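Step one of this worksheet: look at the structure below.
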Amino acid sequence: MIPKSHPRYSSLLQRHKLELGVKKGITSIQGLIAYGRGEAFDYLLGEKTTKEAKKAIKASAALLLLAKHPVLSINGNTAALAPREFAKLSKILNAPIEINLFHRTKKRVLLISKSLKKLGIKPLGIKRDFQIKGLESERGKVSSSGIGKADVVLIPLEDGDRAEKLVNLGKKTIAIDLNPLSRTSKCSTITIVDNITRALPSLIEEVKKLRRIDKAYLRKIVESFKNKKYQ
Ligand code: PTJ
């Protein structure tokens, strides 16, 4: 057991969740390496949400509320670290979750789908009938009723091959990535440089605050946000 008084409790808990994710077959073994990279950046940030990240979270909430077809893309790390928050965000936005894996196997897709169903979510991405142009990895095949037709896609903890292709298709992307220098961070419409375990609860709170606000005000929030400035 990890004592709550440990100064790095949150970080150790995340390692534990990922370890369980790997044991259950939800998270890829490479996901542990990806987490290690993120954890190093988080250490440098003081394991706190910066004021720049807070602004990015507010702008993301506004962008998601303005979207006609927002889609939340889930991978093995997100499914292990923040499945409940992801499901909650999907419900309050009425936005589908699509399983989109880099190290895709049928077994992992089914396990992630099963765990989301327990949270009341029927995910997309099991059947894929749309090809993202120029994206040769498994991430390139998506659902036409999900990422295929989305105008805004939330892409947490992503390897660098997809954000640019999505943007080329005219979609807006919101990245959650602790590495501000990653390709995904640089290409995305909005980049939240924060740990997913802190960013998602804050994003949910912002969506709740802004969901009854008129669209003109939401547009102002999005338009006044300058992504490059915060990287
Ligand atoms: O489940 P799959 O098969 O789709 O694979 C998922 C991973 C994450 C393994 C895959 O997409 C991958 O290899 O990603 P990368 O290239 O390692 O990129 C992951 C990014 O997420 C890196 O820039 C990390 O800094 C960042 N990251 C890691 N953990 C966190 C994080 N960002 C926010 N919160 C974290 N907890």
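Numbering of ligands and ligand atoms starts at 1, following listing order. All of these numbers come straight from a predicted model, not from anything done at the bench.
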Legend entry - Pairs involving residues 62-91, ordered by first then second residue, that meet salt bridge (Lys or Arg N to Asp or Glu O under 4.0 Å) (sequence neighbours left out): none

Legend entry - Under 3.5 Å side-chain donor-acceptor pair for Glu206 and Ser202: no

Inset, instruction - Scan Thr184, Thr189, Thr191 and name whichever one has a side chain to side chain contact (heavy atoms under 4.5 Å, CB included) with Thr173. - result: Thr189

Ligand 1 polar-atom proximity to protein (N/O, under 3.5 Å):
unit_1   : atom_1 : unit_2 : atom_2 : d
ligand 1 : 1 (O)  : Gly76  : N      : 2.8
ligand 1 : 1 (O)  : Arg108 : NH2    : 2.7
ligand 1 : 3 (O)  : Phe102 : N      : 3.3
ligand 1 : 3 (O)  : His103 : N      : 2.8
ligand 1 : 3 (O)  : Arg108 : NH1    : 2.9
ligand 1 : 4 (O)  : Phe102 : N      : 2.7
ligand 1 : 11 (O) : Arg139 : NH2    : 3.1
ligand 1 : 11 (O) : Asp159 : N      : 3.3
ligand 1 : 11 (O) : Asp159 : OD1    : 2.9
ligand 1 : 16 (O) : Arg37  : NH2    : 3.4
ligand 1 : 17 (O) : Arg37  : NH2    : 3.3
ligand 1 : 18 (O) : Glu158 : O      : 3.2
ligand 1 : 23 (O) : Asp177 : OD1    : 2.8
ligand 1 : 23 (O) : Asp177 : OD2    : 3.2
ligand 1 : 32 (N) : Leu178 : N      : 3.1
ligand 1 : 34 (N) : Ile196 : N      : 3.0
ligand 1 : 36 (N) : Asn195 : OD1    : 3.1

For residues 15-23, please give each side-chain donor-acceptor pair under 3.5 Å, one per line with the distance, not counting sequence neighbours.
unit_1 : atom_1 : unit_2 : atom_2 : d
Arg15  : NE     : Glu39  : OE2    : 2.9
Arg15  : NH2    : Glu39  : OE1    : 2.7
Arg15  : NH2    : Glu39  : OE2    : 3.3
Glu19  : OE2    : Lys23  : NZ     : 2.8

Inset, instruction - Name all residues meeting the salt bridge (charged side-chain N to carboxylate O under 4.0 Å, His left out) criterion together with Asp194; count only those two or more places apart in sequence or in a different chain, and write none if there are none. - result: Arg198

Legend entry - Arg8 side chain to Leu13 backbone, donor-acceptor under 3.5 Å: no

